[in-house]
Amino acid sequence: MNNLQEATERICELKGNLVALDALITALLQVMPASARAQLPATFERCAEMARTALLHTPISEHSIAAFEHDVRRTHDLLAPAPKAAQ
């Protein structure tokens, strides 16, 4: 039972780490110069593809891969330019 408790605590720590990283990335995106932000989607796509390749060649759970793909899509949507408002 102690191992289950330790695993649960570690999972909770990792969730907290991810939320903190999400907050950091959101803050960075808000203060980034427009020129740098314009380059970010293509750079992110390249890095995500490298990570995807690494994940596919390691023993990792399908849950981890699915979570990775979900967050890549979410980040892609976050980086997409905002639609211009109708005048």
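Only this structure's heavy atoms are used, side chains among them; waters, hydrogens and symmetry mates stay out.
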Salt bridge (Lys or Arg N to Asp or Glu O under 4.0 Å) for Glu49 and Arg52? Distances and angles first, verdict last. CA-CA 5 Å; Glu49 190 58 33; Arg52 187 176 287 112; 2.6 Å; yes
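No chain of hydrophobic side-chain contacts below 4.5 Å, direct or via other Ile, Leu, Val, Met, Phe, Trp or Tyr residues, connects Leu29 to Val31. Hydrophobic clustering (side-chain heavy atoms under 4.5 Å, transitive across Ile, Leu, Val, Met, Phe, Trp, Tyr) keeps Val72 apart from Leu18.
The nearest pair of heavy atoms linking Leu78 to Arg37 is O-NH2, 3.4 Å.
From Arg10, atom CZ reaches atom CG of Asn3 across 15.0 Å, with rounding to the nearest 0.5 Å. One distance of note links CD1 of Ile65 with NE2 of His70; it measures 16.0 Å at 0.5 Å rounding. In this structure, CG in Leu14 is found 10.5 Å from CG in Leu21, a value given to the nearest 0.5 Å. For the atom pair CZ of Phe68 and CZ of Arg73, the computed distance is 10.5 Å after rounding to the nearest 0.5 Å. Here the OG1 atom belonging to Thr75 is positioned 9.5 Å from the CD atom belonging to Glu45, to the nearest 0.5 angstrom.
Screening Thr26, Leu28, Asp22 for a side-chain contact (heavy atoms from CB on, under 4.5 Å) involving Leu24 leaves a single residue, Leu28.
Looking at Asp71 and Arg74, a side-chain N of the basic residue comes within less than 4.0 Å of a carboxylate O on the acidic one, giving a salt bridge.
If you check the side chains of Asn17 and Glu13, you find no donor sitting under 3.5 Å from an acceptor.
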